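As structure tokens, the structure follows; a few thoughts come after it.
First the proteins, then the strands, lettered A, B, ... as listed; each starts at 1. Everything numeric here is computed off the predicted structure, so don't read it as measured data.
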Amino acid sequence: MPVARPETSDARVIAHVDMDCFYVQVEQRKQPELRGLPTAVVQYNEWQGGALIAVSYEARSCGVKRSMRGEEATAACPEIQLVQVPVARGKADLNTYRSAGSEVVSILARSGRCERASIDEVYLDLTDAAESMLADAPPESLESIDEEALKSHILGMSREDGDDFKKSVRDWICRKGADRRDKLLGCGIIIVAELRKQVLKETEFSCSAGIAHNKMLAKLASGMNKPAQQTVVPYSAVQELLSSLPIKKMKQLGGKLGTSLQTDFGIDTVGDLLQFSETKLQEHYGVNTGTWLWNIARGISGEEVQGRLLPKSHGSGKTFPGPRALRSLSNVQHWLNQLCEELYERLSSDLEQNKRIASTLTLHASAFGSKDSDSHKKFPSKSCPLRYGVTKIQEDAFNLFQAALREYMGPFGTKPQGNKKETWRITGLSVSASKIVDIPSGTSSIMRYFQSQSTIPSCSTSGCLQEDVAVTPSASESCSEQKSVETQAAMPEEDISITDTLPDLDNSYGNMDMVPEKDVSCQSNDAKEFLTQSGSNRGTQTKTNGQRINNSKEKNKGMPSIVDIFKNYNATPQSQQETREDSTVSLTSKRANLSSSTSHSSEVNQEGEDRRETEWGYKVGEIDQAVFDELPYEIQREFRSFLRHNKRPNAGKSKGDGSASSSIAHYFPPLKK
DNA sequence: ACGGCTGTGACT
DNA sequence: TAGTCACAG
């Protein structure tokens with residue numbers, strides 16, 4: 001639901017920049033011979049030539065439209081060039097477009113607060129820049145005004161042809177008696193023209209822009225003259241613009257709300273909204289939406305440009321329409337694995353490039369029931385703390401899926417026999433990572449990472465599923481071994497939940513004292529203890545060793561995650577720093593303190609400490625390679641350099657028990673990427 | 001039961 | 001908070 005925001009009293013200068021048929025441009029830059037030709041980007045679908053997701057303006061003028069199939073497009077425009085979107089892991093891969101979008105953002109972000117609104121759209125708050133220009137070098141003081149700026153469309157200005165037109169634009173921008181708001185927009189025109197030229201120069205991409213006093217109007221304007229043009233909405237033109245604007249053209253009104261306004265109120269244009277009192281609108285749509293509607297009818301929108309250059313979440317999904325719907329757990333697992341691989345890849349680059357880490361993993365699925373089951377219950381979404389590592393994410397996602405599936409199926413979801421046909425069919429799967437926070441750069445984060453990894457109950461099963469554990473006993477077992485649903489259902493409730501996790505600590509990590517960094521850089525063989533997870537949980541073939549009874553009752557709820565630590569670090573870097581340097585207490589004893597000081601000082605914690613010191617204690621040189629591999633790249637790198645600078649005179653041999661456990665002190669695989 | 005794939009934001 | 005829904009492109 002749209003929500004009304006108060007508008008600031010001072011006039012702002014807001015721009016909305018919209019890339020022209022962006023995916024097409026990206027492909028045309030890659031294959032310049034396609035430039036100028038009618039071109040469309042299709043998502044490979046094998047069905048009727050795939051679906052068009054971007055169409056060049058040349059192709060549009062032949063009548064090709066988005067949401068045509070490739071075959072239709074070819075029929076409408078035989079000359080059309082169809083380019084397929086890249087495919088990776090059996091699904092569309094939009095990464096090239098994402099990074100092309102980032103190129104643009106990094107240019108646009110130079111001149112003011114910048115909000116990445118989507119892969120190809122950006123809002124800019126140019127108020128400061130415009131005010132500075134007005135103060136220091138107002139348009140009328142310039143000996144010449146940029147040609148691109150002179151091509152702007154100014155709403156409400158009569159438009160004659162040729163040079164007269166440019167002259168009138170110049171006159172408008174420079175006119176003496178103009179209202180301050182208009183003068184600011186005049187500066188905005190020049191700034192945006194400059195920015196668009198810069199984008200073109202540096203990326204070869206053209207874009208269109210709208211310039212106005214708020215986001216809503218800027219967005220509206222950017223679409224009015226495409227491609228490669230810019231449009232300005234002076235305050236004086238707002239009423240007329242809105243009076244004839246079809247209600248559904250307004251952002252947020254393209255869906256049900258807009259339809260409702262049409263059918264329930266007989267409203268066709270935004271201007272028609274003016275007839276209705278705020279109270280009337282509130283009665284029908286609630287206070288927030290009512291006020292919002294009342295405001296937009298008047299061109300009022302106080303939404304601020306968020307200073308955000310990076311996405312707030314990453315997702316990877318795929319649909320399995322109709323006959324392609326997934327019917328078996330192993331098939332679901334296969335696709336989840338693909339999606340999780342992609343997700344992890346993107347999380348890794350986010351970590352490398354932006355030093356950000358995500359903390360929540362969410363699984364979304366959609367399904368339709370088979371003919372007999374008419375329960376229209378929606379397939380529920382599930383989420384859990386996100387653990388870095390492809391395998392971990394894959395396991396967790398699959399566990400989430402199974403939990404959701406059980407809920408979806410209800411108590412009768414499982415059949416007594418290993419019947420081939422399940423009653424469910426999955427038509428869509430997606431995994432996403434959210435709650436992304438910055439982590440500090442520098443080497444200090446590594447210890448915290450290990451600390452957290454060693455103390456977080458790994459989310460698989462018990463951790464992430466919480467009460468669902470009771471619903472899906474031994475979910476993790478089935479995860480690795482692909483047991484059927486039936487098998488799991490046969491398991492008694494409330495019992496053994498396989499887990500390779502460590503016992504729970506509370507989430508009061510802010511107090512957690514670390515071994516001083518120097519101290520930790522225990523080059524010597526004897527070494528301090530270094531806690532990490534047992535490395536045996538790798539790969540889908542892994543046996544679930546490390547089993548233990550899991551008291552599902554007192555676990556998590558506020559379960560800590562790596563992110564809590566980083567958050568805390570960000571919040572109070574100073575004290576954390578000091579704490580670390582002053583601390584001389586050993587890691588284990590500190591941790592014991594911590595755990596006993598937590599609110600639920602339950603048996604679990606007590607039990608846990610024992611385990612930590614026995615099973616889960618590792619020396620630096622004995623960290624499992626597999627575990628190391630799953631650490632965030634950034635952490636791997638830090639750790640590498642940490643070890644490099646603390647060369648151990650004679651690295652010990654790896655503990656003999658097995659292949660899986662080689663010492664990373666000896667083995668440094670090449671960094672990926 | 002299709003437009004696929006992503007992403008944001010509000011509500012409860 | 002987690003989960004759902006609406007919306008956009």
### Query
Is the A:Tyr408 ring parallel, tilted or perpendicular to the A:Phe379 ring (thresholds 30°, 60°)?
tilted
### Message
A quick test of your reading: do over 12 heavy atoms of other residues, nucleotides or ligands sit less than 6.0 Å from NZ of A:Lys249?
### Response
no
### Task
State whether the side chain of A:Glu72 and the backbone N or O of A:Arg69 hold a donor-acceptor pair below 3.5 Å, judged by distance alone.
yes
### Distance between P atoms of B:dA1 and C:dG9 (Å, rounded)
27 Å
### Query
With sugar-phosphate meaning primed atoms plus P, OP1 and OP2, does A:Ile119 contact a base, only sugar-phosphate, or nothing at under 4.0 Å between heavy atoms?
nothing
### Query
Given atom CG of A:Asp18 and atom P of C:dG9, what is their separation to the nearest angstrom?
8 Å
### Whole-Å gap separating P (C:dC7) and CD1 (A:Ile296)
13 Å
### Query
Rounded to the Å, how far apart are A:Leu52 CG and C:dG9 C1'?
14 Å
### Query
Would A:Lys392 and A:Glu395 pass as an ion pair if we require N to O under 4.0 Å?
no
### Query
Counting only side-chain N and O atoms of A:Ser383, is one of them less than 4.0 Å from OP1 or OP2 of C:dT1?
no
### Query
A:His364 and A:Ser430: side-chain donor and acceptor closer than 3.5 Å?
no
### Query
Tell me: NZ of A:Lys382 to P of C:dT1, nearest whole Å?
17 Å
### Task
Using whole Å, report how far NZ of A:Lys249 lies from P of C:dA8.
12 Å
### Query
With sequence neighbours left out, which residue pairs that include part of residues 297-306 of chain A fulfil the side-chain hydrogen bond (donor to acceptor under 3.5 Å, both in side chains) condition?
A:Arg113-A:Glu304
### Query
So what does A:Glu303 touch, heavy atoms closer than 4.0 Å: a base, only the sugar-phosphate, or nothing?
nothing
### Task
Anything under 4.0 Å to a heavy atom of chain A counts; send over the first and last such nucleotide of DNA chain B, read 5' to 3'.
B:dA1 to B:dC11
### Message
Does A:Ser432 reach a base, just sugar-phosphate, or nothing at all? Heavy atoms under 4.0 Å.
### Response
nothing
### Query
For A:Lys219, which contact category applies under a 4.0 Å heavy-atom criterion: base, sugar-phosphate, or nothing?
sugar-phosphate
### Message
Would you say A:Ser118 and A:Asp120 are linked by a side-chain donor-acceptor pair, where the criterion is simply a distance under 3.5 Å?
### Response
yes
### Query
What's the CE-P distance between A:Met250 and C:dG9, to the nearest Å?
11 Å
### Query
Within the structure shown, what part of the strands sits under 4.0 Å from A:Ser118 by heavy-atom distance: base, sugar-phosphate, or nothing?
nothing
### Task
Look at atom CZ of A:Arg29 and say whether more than 12 heavy atoms of other residues, nucleotides or ligands are closer to it than 6.0 Å.
yes
### Task
Would you kindly give the NE2-to-C1' distance between A:His364 and C:dC5, to the nearest whole Å?
12 Å
### Under 3.5 Å donor-acceptor, A:Ser61 side chain and A:Glu58 backbone
yes
### Task
Would you mind classifying the nucleic acid contact of A:Arg324 as base, sugar-phosphate or nothing, using non-hydrogen atoms under 4.0 angstrom?
nothing
### Message
Without decimals, in angstroms, what is the distance between A:Met19 CE and C:dA8 C1'?
### Response
18 Å
### Query
If we take the C1' atom in both B:dG4 and C:dC7, what is their distance in whole Å?
16 Å
### Within residues 256-264 of chain A: residues closer than 4.0 Å to DNA chain C (heavy atoms)
A:Lys256, A:Leu257
### Query
Backbone N or O of A:Val431 within a donor-acceptor pair of the A:Ser316 side chain at under 3.5 Å?
no
#### Entry: DNA chain B: 5'-proximal contact among A:Glu115 and A:Ser67 (nearest heavy atom)
A:Ser67
### Message
Quick check: on DNA chain B, is the nucleotide nearest A:Asn288 upstream (toward 5') of the one nearest A:Glu342, or the reverse? Name the residue that is more 5'.
### Response
A:Glu342
